[in-house]
Amino acid sequence: MALSLSRLRRTTVAVAALSLAALTAGQAAAAPTPAPAPAPALAAQSTGRVAAIEDQVARSLARSLTDATWRSRVRAAADAAGTELAPLAAATDTPAAHSLAETAADADRRIAGAKGLDAGLGPLLRVQLADASMRAALDAGATPLVATAVADDHARTIRAYDTAGRVHTLDATTIPDRPVYLVDIDAAKAMAAGIDVLRKEFTAHGLAGAQAAGGWWATKIDSIEVSDDQEPWFKGAAEMFSLVTGFGQDGKVRVDSVAMPYLRYDGTVYNPNQILVNWSNYKYNLADVVLMEDDGDTNYLALAQAVAAVLLTIADQGAYIPLVNAVLAALPSSWWTDDPDYVESWYTLARTISGRLNGATGNGWMTVQPYWVEQF
């Protein structure tokens with residue numbers, strides 16, 4: 001299931017804040033350090049907006065299922081993998097489906113805005129059967145409920161709607177006997193667009209300079225796992241990415257965004273053979289890694305702006321300075337409440353290091369090795 005770290009967040013953010021204070025204090029003798037800019041208002045404004053939009057669409061979808069033709073179309077298309085909601089509704093020639101198509105398309109645009117993405121990104125909302133075990137009852141004619149995959153991994157109940165728009169409360173720890181459709185975001189699509197936003201923003205702030213030409217040394221991930229945290233039945237696969245930080249060749253802090261779309265379920269070992277660090281981009285033989293998850297409400301633009309606002313205050317002192325704490329201290333408070341946007345971190349990753357590396361919080365590990373990338 002998707003990943004959660006609520007039990008670790010309060011301690012981690014407190015340590016991060018204290019460490020960042022010590023780090024910036026240590027620079028005071030060399031040069032005045034401006035106070036970190038507060039996290040952008042955009043981050044606070046976006047918190048909960050995606051969930052609210054999803055909830056509105058879930059209720060509209062539930063009410064639209066009174067149309068027999070449309071209900072049959074959804075039943076045929078909505079398996080455990082899910083399908084895009086707006087295109088499915090637009091392709092169904094009934095008034096109820098057409099009305100829902102407009103509602104869903106508008107919701108797609110609003111969700112993109114709430115996540116700091118291009119409003120023209122296209123369909124983001126998907127509908128899926130909550131669990132494959134519900135298929136038999138659904139095919140037998142049972143009337144489904146519609147719910148959303150809420151961001152709070154520790155919720156005891158979730159809200160679902162019937163075809164009259166009435167609210168039903170479902171136990172978050174037990175799969176319901178009645179079929180349930182889930183309205184959720186295509187997190188893979190959102191993350192791909194979000195990584196592009198991060199890269200553009202970090203580049204615009206001078207935190208991601210041009211890559212060096214020719215062959216270069218890299219750190220390659222051979223295997224990786226994040227620990228199991230026993231999440232509820234309504235949570236799907238995770239969408240993970242890393243922020244790799246260090247000092248660039250120009251002496252300025254650098255951030256590289258690395259998509260990890262394969263890392264979807266906790267308690268599973270993945271063997272991606274993925275390049276994590278391009279050492280030609282860095283001045284020192286050390287870098288840090290922060291692993292994060294898009295849990296629905298993640299606003300990539302706000303994340304990039306918040307991280308940049310803090311990292312730009314850190315100057316090169318002629319020796320490597322760990323940057324994980326600065327990244328964690330920059331995260332808006334919404335990243336530390338309920339939704340598991342922060343997952344794990346690794347400090348002082350060296351170019352020559354190989355073997356197993358345990359994460360700082362104990363929630364994950366990876367095995368790495370140096371890797372030479374040749375130029376053609």
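- Evaluation of the side chain to side chain contact (heavy atoms under 4.5 Å, CB included) rule for D186 yields R126, A188, K189 as partners, not counting sequence neighbours.
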Note to self: Walk me through whether Y347 and L357 qualify under side-chain contact (heavy atoms from CB on, under 4.5 Å).
What the structure shows: CA-CA 10 Å; Y347 290 75; L357 303 175; over 6 Å; no

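- Between the side chain of S72 and the backbone N or O of A68, no donor-acceptor pair lies under 3.5 Å.
- Side-chain contact check for Q369 and D222: at least one donor-acceptor pair (N or O, by modelled atom type) lies under 3.5 Å.
- With a 4.5 Å cut-off on side-chain heavy atoms, I175 and M134 count as touching.
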Table please: side-chain donor-acceptor pairs of residues 282-292 below 3.5 Å, with sequence neighbours left out.
unit_1	atom_1	unit_2	atom_2	d
Y282	OH	V244	O	3.4
Y282	OH	D256	OD2	2.6
K283	NZ	D316	OD2	2.5
Y284	OH	D316	OD1	2.6
Y284	OH	D316	OD2	3.3
Y284	OH	A319	N	3.1
N285	OD1	R351	N	2.9
D288	OD1	Y320	OH	3.0
D288	OD1	T348	N	2.7
D288	OD2	Y320	OH	2.8
D288	OD2	L323	N	2.4
D288	OD2	V324	N	3.4

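- Using a 4.5 Å cut-off between side-chain heavy atoms of Ile, Leu, Val, Met, Phe, Trp and Tyr, with links allowed through other members, L170 and V167 fall into different hydrophobic clusters.
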Give every donor-acceptor pair under 3.5 Å between a side-chain atom in residues 192-199 and any protein atom, sequence neighbours left out.
unit_1	atom_1	unit_2	atom_2	d
D196	OD2	K200	NZ	3.1
R199	NE	S257	O	3.4
R199	NH2	S257	O	3.0

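- Linking ILVMFWY residues whenever their side-chain heavy atoms come closer than 4.5 Å, directly or via other members, places L138 and L88 in the same cluster.
- Rounded to the nearest 0.5 angstrom, L61 CG and L182 CG are separated by 11.0 Å.
- A heavy-atom distance below 4.5 Å is found between the side chains of E239 and R264.
- Taken from CG in L263 to CD1 in I224, the straight-line distance is 5.0 Å, to the nearest 0.5 Å.
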Note to self: Checking I314 against F247 for the side-chain contact (heavy atoms from CB on, under 4.5 Å) test, could you report, in this order, the C-alpha distance in whole Å, the side-chain angles of both residues, the deciding distance, and whether it holds?
What the structure shows: CA-CA 10 Å; I314 301 174; F247 286 91; 4.1 Å; yes

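- Scanning all heavy atoms of the two residues, the minimum distance from A107 to V57 falls at CB-CG2, 3.5 Å.
- Counting heavy-atom neighbours within 6.0 Å of K220 NZ, excluding the residue itself, gives a total above 12.
- F241 is linked by a ring pair (Phe, Tyr, Trp, His ring centres under 6.0 Å) to Y300, counting only residues two or more places apart in sequence or in another chain.
- Taken to the nearest 0.5 Å, the CH2 atom of W217 stands 12.5 Å off from the CH2 atom of W279.
- By the 4.5 Å heavy-atom criterion applied to side chains, L276 and L349 are counted as neighbours.
- Between the side chain of R59 and the main chain of G165, a donor-acceptor pair closer than 3.5 Å is present.
- Across every non-hydrogen atom of S280 and N278, the tightest pair is OG-OD1, 2.6 Å.
- Closest heavy-atom contact between W70 and S64: NE1-OG, 2.8 Å.
- The shortest distance between side-chain heavy atoms of V343 and M240 falls below 4.5 Å.
- The distance from the OH atom of Y161 to the OG1 atom of T148 is 7.5 Å, given to the nearest 0.5 Å.
- Atom CG of D108 sits about 11.0 Å away from atom OG1 of T103, to the nearest 0.5 Å.
- No side-chain heavy atom of Q249 sits less than 4.5 Å from a side-chain heavy atom of N281.
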Margin query: Between D55 and R159, is the side-chain contact (heavy atoms from CB on, under 4.5 Å) condition met? List the steps.
Written below: CA-CA 9 Å; D55 187 73; R159 181 167 54 192; 3.3 Å; yes

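- Partners of R63 according to the salt bridge (charged side-chain N to carboxylate O under 4.0 Å, His left out) rule, which considers only residues two or more places apart in sequence or in another chain, do not exist here.
- Placement of I353 and I221 within a single hydrophobic cluster is found when ILVMFWY residues are connected by side-chain heavy-atom separations under 4.5 Å, directly or transitively.
- A donor-acceptor pair under 3.5 Å is absent between the side-chain atoms of S223 and the main chain of M366, judged by distance alone.
- In this structure, the separation between CZ on R71 and OG1 on T143 is 6.5 Å, given to the nearest 0.5 Å.
- Under the 4.5 Å side-chain heavy-atom criterion for ILVMFWY residues, a single connected hydrophobic cluster contains both V277 and Y262.
- There is a side-chain donor-acceptor pair under 3.5 Å between S133 and D131.
- With T83 contributing its side chain and D79 its backbone, the two residues share no donor-acceptor pair below 3.5 Å.
- In this structure, the side chains of I185 and K115 come closer than 4.5 Å at one or more pairs of heavy atoms.
- The two residues A58 and V183 come nearest to each other via the heavy atoms CA-CG2, 4.0 Å.
- When all heavy atoms of I158 and A172 are compared, the pair lying nearest together is CG2-CB, 4.4 Å.
- A donor-acceptor contact closer than 3.5 angstrom is absent between the side chains of Y342 and E293.
- Residues D139 and R135 are paired through a salt bridge, judged by an N-O separation under 4.0 Å between the basic side chain and the carboxylate.
- Both V180 and L100 are part of a single hydrophobic cluster, where members link through side-chain heavy atoms under 4.5 Å apart.
- Here A137 pairs with A142, P179 under the side chain to side chain contact (heavy atoms under 4.5 Å, CB included) rule; sequence neighbours left out.
- Contact annotation: the side chain of R75 never approaches that of L129 to less than 4.5 Å [non-hydrogen atoms, C-beta and beyond].
- A pairwise comparison of heavy atoms in R49 and R110 identifies NH2-O, 4.2 Å as the closest pair.
- A donor-acceptor contact shorter than 3.5 Å is absent between the side chain of N358 and the backbone of G362.
- Y270 contributes a side-chain N or O that, together with a main-chain N or O of Y265, makes up a donor-acceptor pair within less than 3.5 Å.
- Looking at T361 and E344, their side chains come closer than 4.5 Å, going by heavy atoms from C-beta outward.
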Checklist line | Derivation of the side-chain contact (heavy atoms from CB on, under 4.5 Å) call for R254 and T245 | finding: CA-CA 6 Å; R254 179 187 178 97; T245 62; over 6 Å; no

